[in-house]
Amino acid sequence: MTTRLSLNAISKAYGKADNQMVVLHDISFSLNAGEFLAIEGPSGSGKSTLLNICGLIDHATHGDYYLNGAAVSQLNSSERCACRRREIGFIFQRHQLIPAMTVYDNIAYPLQLNNVKAKQIKHDVAQLLTAMGLEHRCNHLPYQLSGGERQRVGIARALIKRPQLVVADEPSASLDHRHAQAGLQLMRELNQTYGASFLIASHDPLVINHCDRKLTLLDGYLVDPA
Amino acid sequence: MNWPLIALRNILRDGTRVISTLLIIAIGLTALLVGSGFMLSTYDSLQEITMRTEGHLIVIDDTPDPLLGGSHQQLSLSNWQTIRESLWDDDRVLRVLPRARFEGVVSKGNRSAVFFGSGVDPKEEFRVHGPFLRTTGVLDPWLTSSQRAEVMLGAQLARTLDATSGDLLTLRTVRSNGESAETIVRLAGLYQNGTPAIDNHTLMVALSTSSALMGSDNVSQLSIYLDKKEESAALQRSLQETIDGVIVQSWQQRATLYHKVKSLYDRIFGVMAIIILTVVFLAITNIISLAIYQRRSEIATLSALGTRPPQIYANFILEALIISIAAAMLGMLLAYAISHAINLAEIMMPAPPGKTEGYPIFIYISWPHYLVTSLVLVVVVILASLLSACRAAKINIARAIS
Ligand SMILES: Nc1ncnc2c1ncn2[C@@H]1O[C@H](COP(=O)(O)OP(=O)(O)OP(=O)(O)O)[C@@H](O)[C@H]1O
Ligand SMILES: [Mg+2]
């Protein structure tokens, strides 16, 4: 089985030498292609920080990070940008929709960034909108949606380009049971059809139980589940 | 993706920011347009004065007088009649006016004053000056009566002599051979243009009168008036080639006041323009930086999704472009309204140096000029937003999102 992602002694510290605050200590784990991995842990334990590093939107202070076998911790900012654009789907803890874009445009945007043809975009977005129960919302702006609807748009935006790695920070936080199920269902389909791997930070037992494996973070340390 | 629509939504999201930006650009543009409109109309009227007093082209004799320290003799152009006739068939030429300069003393009874006189074509001379030389109390027909020689006096010179229309005056002068000569003329009327040098010291007689007085048929210059001033350079070249023994000057070579005022105004206006553009630049930089700070989470999201930095700037620049085009339209309308109102109100300017009277402010309104100035301002706004947007790309994504 191929390794999608592998972390080797990753640590993250904020602040300067004498006033340093270490929020991740010596984290090592790997994620296989097609695997669902849950990260759980209390608030402030470093879940978002870890996911940001895995999603290439933050830098580790020490340690190595390999994505599909490539040492991505060495990449410069434009290479990281290209890598995020092509290979990573990010579901943010707070939906982070673009306020001036409609639901449709928010979801279509990652495809456009990857120069997908307009006809293909139209087809894919329509399909995903239906699957997420958002078709009647497609021309609305984010402020016109409920929190749960926004979160679903955020999930759709991360999944639309069928990325190899999806990093999801509390994807079910503002979703009811039915929509959380639908979201997980979509992730599973993506996983089974395209072999996408999922790294999900969550407190939600529904999500955690759905995953193949879980890791627990406590005060920045990875705790052995045993 | 409809980027202009997205930009428009972003603009409308932040009303106060947009209104302040719009006003800064619009007011800056209005100031530039009204200021430069005033400047251009001043240049125009100074050009017009020079062209009307001197003619578009001036023909003088090319032999300098050694006694006058290299400057030209007062009555040295002898073949002027031939030159004048040769120009009659040229469609570009409206009028060819001879002018003979002479000096002396004018007196009425026991009052006398030094004068600078011109012998002119009596029928045509006063048609070319237009509003720049006003005549008063003119007896009709003036200067043309064959029985008696007549004179027109600068208004202030007449006051010095205590002369009124119909009075008889004596002109005394010295001919080039050293003989003194005098003649009696009747005061036909007064003229005035607000320049003390002219109003206080000059007079005009018919060319026939001055020729008789000076004992010479020569003139000092021929002033050529054209149908279109744009044709003067071409005609100047061809005349210079075809007529021997003369120098053909253009009005620009005679326009000392125009050149002085222009270089002064150009500098004043240049400084003003730089100040206005700098203020606009700084204000826009500030406003855009603030907008970028407020929208850092959105910028971080775009970047997290893999948007290249230039695409992120492009959104801000598009917004700045939309705002600045709207502001340019507003500024042009404001400038038009203000200029028009000032022109209608006929507000008087104080007398400029060398003049005794003020003149009404006139502000030039020309759409090509408006468009070019607006374009300069839009470019400044785009540069300012580019500068601020560059900083947006250096944002720390993780921090901006949390
Ligand atoms: N920029 C920063 N400077 C200093 N400390 C920070 C910074 N960002 C995060 N932290 C700290 O890092 C720790 C981990 O934060 P993180 O957001 O990863 O927690 P989390 O597990 O995602 O929590 P939650 O479940 O509430 O989202 C926290 O103690 C937080 O205070
Ligand atoms: Mg978190």
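Convention: sequence-line order gives letters A, B, ...; per-chain numbering from 1.
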Worked check of side-chain contact (heavy atoms from CB on, under 4.5 Å) between A/L97 and B/E298: CA-CA 8 Å; A/L97 301 182; B/E298 176 187 336; over 6 Å; no
Option that, when pairs with chain A are counted at under 4.5 Å, heavy atom only, ranks first among B/L5, B/N396, B/T301, B/L302: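 Among the listed options, the one with the most contacts to chain A is B/T301.
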Got more than 12 heavy atoms from elsewhere within 6.0 Å of [atom1], [X]?
| X | atom1 | answer |
| --- | --- | --- |
| A/H59 | NE2 | no |
| B/E346 | CD | no |
| A/Y221 | OH | no |
| A/Y65 | OH | yes |
| A/H123 | NE2 | no |
| B/Y336 | OH | no |
| A/D219 | CG | no |

B/R399 versus chain A, the contacting section by heavy-atom distance below 4.5 Å: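 The answer is neither part of B/R399.
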Shortest non-hydrogen contact from B/G306 toward A/L113: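 Here B/G306 and A/L113 meet closest at C-CD1, 3.9 Å.
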Minimal non-hydrogen separation, A/M101 against B/I6, with atom names: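 So the two residues come closest at CG-CD1, 3.7 Å.
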Just how far is it from atom [atom1] of [X] to atom [atom2] of [Y], taken to the nearest 0.5 Å?
| X | Y | atom1 | atom2 | answer |
| --- | --- | --- | --- | --- |
| B/I299 | A/I98 | CD1 | CD1 | 9.5 Å |
| A/C81 | B/I397 | SG | CD1 | 7.5 Å |
| B/R308 | A/S77 | CZ | OG | 12.5 Å |

Chain B contact via [X] - side chain, backbone, both or neither, heavy atoms under 4.5 Å:
| X | answer |
| --- | --- |
| A/T102 | both |
| A/R80 | neither |
| A/L141 | side chain |

Contacts with chain A made by residues 9-27 of chain B (heavy-atom distance under 4.5 Å), listed by residue number: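 B/R9, B/N10, B/R13 fall under the 4.5 Å cut-off.
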What option among [options] has the most heavy-atom pairs under 4.5 Å with chain B?
| options | answer |
| --- | --- |
| A/Y109, A/F92, A/F90 | A/Y109 |
| A/S78, A/P99, A/A108 | A/P99 |
| A/D58, A/N52, A/D105, A/I121 | A/D105 |

Side-chain donor or acceptor of A/Q96 paired with backbone N/O of B/I401 under 3.5 Å: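 Yes, A/Q96 side chain to B/I401 backbone: donor-acceptor pair under 3.5 Å.
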Report all side-chain donor-acceptor pairs from residues 160-170 of chain A shorter than 3.5 Å, counting only partners two or more places apart or in another chain.
from: A/K161; atom 1: NZ; to: A/R84; atom 2: O; distance (Å): 3.1
from: A/K161; atom 1: NZ; to: A/R85; atom 2: O; distance (Å): 2.9
from: A/K161; atom 1: NZ; to: A/I88; atom 2: O; distance (Å): 2.9
from: A/R162; atom 1: NE; to: A/Y194; atom 2: OH; distance (Å): 3.2
from: A/R162; atom 1: NH1; to: A/Y194; atom 2: OH; distance (Å): 3.4
from: A/Q164; atom 1: OE1; to: A/N68; atom 2: ND2; distance (Å): 2.7
from: A/D169; atom 1: OD2; to: A/S48; atom 2: OG; distance (Å): 2.6
from: A/E170; atom 1: OE2; to: A/H203; atom 2: NE2; distance (Å): 3.3

